[in-house]
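One structure is given below, encoded as structure tokens.
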Amino acid sequence: MKSQIKWSEAFIRTLKETPKEAETISHKLMLKAGLISKVASGVYSYLPLGLKVLRKIEKIVREEIDQTGACELLLPALQPESLWKESGRISLLGKDMINFIDRHQRRMFLGPTHEEVIIDVVRKRVHSWKELPIVLYQIQTKFRDEVRPRFGVVRAREFLMKDAYSFDADQEGLDKNYEKMREAYELIFKRCGIKCQSQKADSGIMGGRFSEEFVAEGECKELEIGHIFKLGDTYSKKLKLFFLDKNGEEKPMIMGCYGIGISRLMAAIIEGNYDEDGLIWPRSVSPYSVLLLPMNMEEKAIKDTTEELYRSLQKNNIDVIMDDRIISPGIKFKDGDLLGIPFRILIGKELKNGKVELKLRREKRTELVKVEDILQEIKKLKCKDYQQEHENLKARKTTISLTTKTQRLKE
RNA sequence: CGGGGUGUAGCGCAGUCCGGUUUAGCGCGCUUGGUUCGGGACCAAGAGGCCGGCGGUUCAAAUCCGCCCACCCCGACCA
């Protein structure tokens, strides 16, 4: 996906009026800014801008989950009934499971979750305590025929999810992996720019002994964006996921599973970051970092400077979108605000003084910057993000060492 | 699934109660020409609708009746 683009060539269609189907902020803004397009109730297309955000979120999720030592894989959406008969969960999930009969008269499901499939993968190739622990994850589309889809992407029938599964020889192992995952979650949500709380939860259809859900705070009141479970040996026993321990005894693996609703996370981020003019993306997930806003592309000096900045930002690996449309400025301002790109560089009347105007979407203030300094200025501001990243890294190390200490104390 | 609501042009709406002056309008958007150009510009001329679908009542239906469909909201559940 292009990290720099001309507006005229991007497939961006904003809406001046909000479609009446939307009532919540995130739903309204996603439609207005042209992030998504509804296909059916609870079924959405992600337009280029929306996909860009989704990919940025995925990137953060991958980085943090990889950091825990988990390995990414990709499981099928299509699942045979036989596996589900083994786990006995068909009646539990009930009508939420989308199913059909294939041409050979076999019933197939569109995966609402992947415990059955991942266990099948693991049980076919892991048989010894020496191979444990194992932690696997994927980012994939889930299908659930929700009774009542709502709020756009918040509760959809087809949605993107990160789901991880841990396999351990014993409860202590599970506790350790669970803890690691929980720490990763905290970092993920922090990096995505949302405040989150974890709380004990009902394990629901997942079963197991213990679970916690991560709830986004703020106006989206209690939106659950992540859930982690200590599953124990329930699934292992049913699906015959056994291994031989040190004494040669056959034992069920101890499992945990960990989900994050990626598409829902996107909605949660919006709920916590907007104003009356539109979206305000946290820098980490914004579709582009910089918006170049030339007042008039038909004026040579403005056009040349804009294109020069476009190239130099590009060269410096900074995501940039250039509003090269030949339309009245008001539209550019409104669209720009609606899209919520963190940095806006306006190229206009100050150019005769050798200056452009820098504005942060989140702030009201505009700053005049010399054309030749603007790149450094942007880099400097972005640098603050890197510092934030470092702090996150430090936080990660601290929490991990703290955990280790706590564990030692327990021992 | 239970309860409530909506369906008229791409989007937002009026008209529906009380059937006929309606050739079904308005705003935005769209097309063409011109003037504009620092916060969704202006003028002019256009294009675009079996009024969600099917059936019924009637001389006559967007409007009344029946059935169906789609979508939204509240509830239980979820990422």
Side-chain angles (χ1 to χ4, degrees), chain A residues 13-24 27-28 31-32 34 37-44 57 61 92-97 111-114 139-164 185 188-189 196 201-206 211-216 220 222-229 257-268 276-278 293-299 302 323 325-339 344 346-352 356-357 359 364 366:
Chain A
R13 298 302 124 102
T14 59
L15 265 37
K16 206 165 172 178
E17 280 167 295
T18 312
K20 66 175 167 190
E21 68 192 49
E23 288 202 1
T24 43
H27 192 191
K28 281 181 184 173
L31 290 170
K32 274 193 86 174
S37 173
K38 189 176 73 182
V39 176
S41 178
V43 182
Y44 290 85
I57 297 172
V61 170
L92 262 175
L93 280 130
K95 289 180 177 170
D96 282 354
M97 308 241 310
T113 177
H114 282 74
I139 292 180
Q140 203 231 25
T141 303
K142 295 281 187 280
F143 297 86
R144 293 183 192 174
D145 196 1
E146 295 288 347
V147 189
R148 190 187 154 208
R150 54 173 143 179
F151 308 142
V153 133
V154 168
R155 190 180 190 178
R157 291 192 292 170
E158 181 179 330
F159 61 96
L160 200 60
M161 184 180 188
K162 186 284 307 180
D163 46 324
Y185 273 40
I188 287 168
F189 299 134
C196 208
D202 181 358
S203 299
I205 51 162
M206 287 303 165
S211 88
E212 279 170 280
E213 56 189 15
F214 288 78
V215 175
C220 51
E222 304 282 294
L223 181 57
E224 184 185 340
I225 49 183
H227 206 149
I228 54 180
F229 302 82
C257 75
Y258 318 90
I260 291 180
I262 304 275
S263 36
R264 182 181 279 186
L265 180 50
M266 179 166 153
E276 63 279 9
D277 293 316
L293 202 161
M295 291 310 296
N296 184 355
M297 276 302 265
E298 287 172 311
E299 217 170 282
I302 290 179
D323 193 347
R325 294 175 298 172
I326 298 171
I327 45 165
S328 69
I331 297 175
K332 292 189 180 187
F333 283 125
K334 291 289 183 188
D335 272 347
D337 288 343
L338 179 59
L339 254 55
R344 184 183 81 188
L346 188 152
I347 305 97
K349 64 185 175 193
E350 283 296 329
L351 189 61
K352 61 179 188 291
V356 292
E357 296 162 48
K359 183 179 175 297
K364 295 271 176 253
T366 296

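Reminder, nothing fancy here: chain letters follow the sequence lines and each chain counts from 1. All heavy atoms count here, side chains included; hydrogens, waters and symmetry mates do not.
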Can you check the [X] [atom1] to [N] [atom2] distance for me, whole Å?
X: Glu146(A); N: C1(B); atom1: CD; atom2: C1'; result: 13 Å
X: Phe159(A); N: C78(B); atom1: CZ; atom2: C1'; result: 8 Å
X: Phe214(A); N: A79(B); atom1: CZ; atom2: C1'; result: 13 Å
X: Asp163(A); N: C78(B); atom1: CG; atom2: P; result: 17 Å
X: Glu212(A); N: A79(B); atom1: CD; atom2: P; result: 14 Å
X: Glu222(A); N: A79(B); atom1: CD; atom2: P; result: 15 Å
X: Asp96(A); N: A79(B); atom1: CG; atom2: C1'; result: 13 Å
X: Lys20(A); N: A9(B); atom1: NZ; atom2: C1'; result: 14 Å

Glu212(A) meets the salt bridge (Lys or Arg N to Asp or Glu O under 4.0 Å) criterion, sequence neighbours left out, with Arg182(A)
When the [atom1] atoms of [M] and [N] are compared, how many Å lie between them, rounded to an integer?
N: C51(B); M: U63(B); atom1: P; result: 9 Å
N: G48(B); M: C26(B); atom1: P; result: 15 Å
N: G52(B); M: A9(B); atom1: P; result: 8 Å
N: A76(B); M: G2(B); atom1: C1'; result: 10 Å

Checking base pairs now: Watson-Crick or wobble, both atom distances under 3.5 Å. What partners [N]?
N: G10(B); result: C28(B)
N: U23(B); result: none
N: G33(B); result: C43(B)
N: C50(B); result: none
N: A76(B); result: none
N: C71(B); result: G5(B)

Report all interatomic pairs (protein N or O, nucleotide N or O of nucleotides 68-71 of chain B) with separations under 3.5 Å.
residue	atom	partner	partner atom	Å
C71(B)	OP1	Ser41(A)	N	2.9
C71(B)	O3'	Lys38(A)	NZ	3.1

May I ask you to say what Thr18(A) touches in the nucleic acid, namely base, sugar-phosphate or nothing, with a heavy-atom cut-off under 4.0 Å?
-> sugar-phosphate
Tell me what Tyr185(A) touches on the nucleic acid: a base, only sugar-phosphate, or nothing, going by heavy atoms under 4.0 Å.
-> nothing
Quick one: list whatever passes side chain to side chain donor-acceptor pair (under 3.5 Å) with [X], sequence neighbours left out.
X: Arg325(A); value: Asp323(A), Asp335(A)
X: Glu23(A); value: none
X: Arg157(A); value: Asp145(A)

If we only count heavy atoms from C-beta on, is the Lys349(A) to Met295(A) side-chain gap below 4.5 Å?
-> no
Considering residues at least two apart in sequence or located in another chain, which fulfil the ring pair (Phe, Tyr, Trp, His ring centres under 6.0 Å) criterion with His114(A)?
-> none
Residues in ring pair (Phe, Tyr, Trp, His ring centres under 6.0 Å) with Phe229(A), at least two apart?
-> His227(A)
Determine, for nucleotides 34-49 of chain B in 5'-to-3' order, which nucleotides have protein heavy atoms under 4.0 Å from the base (write B), from only the sugar-phosphate (write S), or from neither (write -).
-> ---BBBBS--------
Please work out which of the three classes, parallel, tilted or perpendicular, describes the rings of Tyr44(A) and His27(A), given edges at 30° and 60°.
-> perpendicular
Comparing nearest nucleotides in RNA chain B, the 5'-proximal residue of the pair Phe229(A), Pro19(A) is Pro19(A)
Specify the closest pair of heavy atoms between Leu15(A) and Leu31(A), including all atoms of both residues, with the distance to one decimal.
-> CD2-O, 3.6 Å
Atom of Leu160(A), atom of Ser263(A) and distance for their closest heavy-atom approach = N-OG, 3.1 Å
Side-chain N or O of Arg150(A) less than 4.0 angstrom from OP1 or OP2 on G75(B)?
-> yes
Which residues share a side-chain contact (heavy atoms from CB on, under 4.5 Å) with Ala156(A), sequence neighbours left out = Phe159(A)
